[in-house]
Amino acid sequence: MTILIDATPARTFDDSRRWVTEGTALLTDGIDRLDSADFDGDSQLPGWTRKHLIGHVAANSEALGNLISWAETGVEKRMYASPEQRNADIEAAATRPADELRAWCLSGAGELEEAMDRLTPEQWEHEVITAQLVTRKAGDVPWMRAREVFVHAVDLGVGITFADLPDDFLFALADEIRTKRALSDDDLRGVTGTLPEVAAWLAGRPHGLVDAPELGPWL
């Protein structure tokens with residue numbers, strides 16, 4: 001297939017909520033494939049072990065929970081105290097026992113789902129500020145979480161690939177990354193492949209595309 005994706009259907013809020021559930025299940029399956037010793041092995045993200053990665057996903061559920069709390073109460077609650085604190089927390093997580101990390105990641109995912117379930121349609125419209133200092137509606141939080149759980153399930157390096165992710169999610173992901181990278185049709189012309197390979201390439205992950213230009217990391 002070609003990677004010209006102008007006809008990508010717009011994702012909906014319901015799509016994002018569904019993808020959070022599906023992505024969390026896939027991530028959980030990936031974590032369940034790991035023995036305790038495997039947590040110390042390398043993830044597919046340079047410089048990160050699986051402990052780094054799982055700790056990051058666990059901390060992300062709490063950070064996005066802060067935004068949900070902000071939308072629910074009207075009291076400002078940022079995702080992280082600072083970028084430095086975020087990085088320090090990930091490094092600290094990498095020293096925790098595997099069982100603690102597993103429990104933290106799974107409980108955090110469940111708590112975030114419960115928090116999202118409480119929000120009213122009006123609260124989903126409230127504005128919050130992301131870690132990148134971008135103002136977005138709270139209704140974008142499920143999409144932000146769906147990206148984390150699906151893409152990092154692949155990054156675990158346990159045999160899950162972009163081909164295991166839903167096509168509708170991959171279309172939405174590819175469309176967003178293309179926009180953020182400011183890639184024009186001319187930039188993409190001549191590079192072809194399956195949807196999972198295209199999405200992996202756009203996300204800066206390993207792929208099988210031939211003669212595709214090198215892209216930096218994303219997410």
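Values in this document were obtained by computation on a predicted structure and should not be read as measured data.
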Nearest heavy atoms of [X] and [Y], plus distance in Å:
X: Ala131; Y: Tyr80; answer: CB-CD1, 3.9 Å
X: Asp187; Y: Ser184; answer: OD2-N, 2.8 Å
X: Gly55; Y: Ala93; answer: CA-CB, 3.8 Å
X: Ala200; Y: His207; answer: CB-CB, 4.2 Å
X: Leu64; Y: Leu112; answer: C-CD1, 4.0 Å
X: Gly30; Y: Leu156; answer: C-CD1, 3.8 Å

Counting N and O atoms only, with roles assigned by atom type, does the side chain of [X] sit under 3.5 Å from a partner on the main chain of [Y], one being a donor and the other an acceptor?
X: Ser43; Y: Trp48; result: yes
X: Gln123; Y: Glu72; result: yes
X: Asp164; Y: Thr161; result: yes
X: Thr95; Y: Ala92; result: yes
X: Glu127; Y: Thr135; result: no
X: Ser69; Y: Gly65; result: no
X: Arg50; Y: Asp38; result: yes
X: Arg145; Y: Thr24; result: no
X: Trp143; Y: Thr12; result: no

Flag side-chain contact, heavy atom, 4.5 Å: [X] against [Y]:
X: Phe13; Y: Ser16; value: no
X: Ile54; Y: Leu34; value: yes
X: Arg11; Y: Asp175; value: no
X: Val154; Y: Phe162; value: yes
X: Pro196; Y: Leu165; value: no
X: Asp155; Y: Arg205; value: yes
X: Leu45; Y: His152; value: yes
X: Phe150; Y: Leu170; value: no

Evaluate the side chain to side chain contact (heavy atoms under 4.5 Å, CB included) criterion for residues Trp19 and Arg147: first the C-alpha distance (whole Å), next the side-chain angles of each, then the deciding distance (0.1 Å), finally the verdict. CA-CA 9 Å; Trp19 292 332; Arg147 296 179 315 187; over 6 Å; no
Quick check on the hydrophobic clustering: are [X] and [Y] connected, directly or via other members, by side-chain heavy-atom contacts under 4.5 Å?
X: Trp124; Y: Ile129; result: yes
X: Leu101; Y: Val149; result: yes
X: Leu202; Y: Met144; result: no
X: Leu27; Y: Val141; result: no
X: Met116; Y: Phe169; result: no

Inter-residue atom distance [X].[atom1] - [Y].[atom2], 0.5 Å rounding:
X: Glu113; Y: Arg118; atom1: CD; atom2: CZ; value: 12.0 Å
X: Arg178; Y: Leu183; atom1: CZ; atom2: CG; value: 7.0 Å
X: Asp15; Y: Asp168; atom1: CG; atom2: CG; value: 6.0 Å
X: His126; Y: Leu67; atom1: NE2; atom2: CG; value: 13.5 Å
X: Asp89; Y: Glu84; atom1: CG; atom2: CD; value: 11.5 Å
X: Leu106; Y: Ser61; atom1: CG; atom2: OG; value: 10.0 Å

Carboxylate-amine/guanidinium contact [X] [Y], below 4.0 Å:
X: Asp29; Y: Arg33; value: yes
X: Asp140; Y: Lys137; value: no
X: Asp14; Y: Arg17; value: no

Answer yes or no: are there more than 12 heavy-atom neighbours, outside Asp211 itself, under 6.0 Å from its atom CG? no
With a 3.5 Å cut-off and no angle check, do the side chains of Glu62 and Trp104 form a donor-acceptor pair? yes
Should Trp218 and Glu176 be marked as a side chain to side chain contact (heavy atoms under 4.5 Å, CB included) after you check the CA-CA gap, both sets of side-chain angles, and the distance that decides it? CA-CA 11 Å; Trp218 174 88; Glu176 177 174 272; 4.0 Å; yes
Please evaluate residues Val151 and Leu173 with respect to the criterion side chain to side chain contact (heavy atoms under 4.5 Å, CB included), reporting the C-alpha separation (whole Å), side-chain torsions for both, the decisive distance (0.1 Å), and the verdict. CA-CA 10 Å; Val151 175; Leu173 182 71; 4.1 Å; yes
The test is side chain to side chain contact (heavy atoms under 4.5 Å, CB included); show your working for Arg78 and Asn66 and say whether it passes. CA-CA 6 Å; Arg78 297 296 183 99; Asn66 288 343; over 6 Å; no
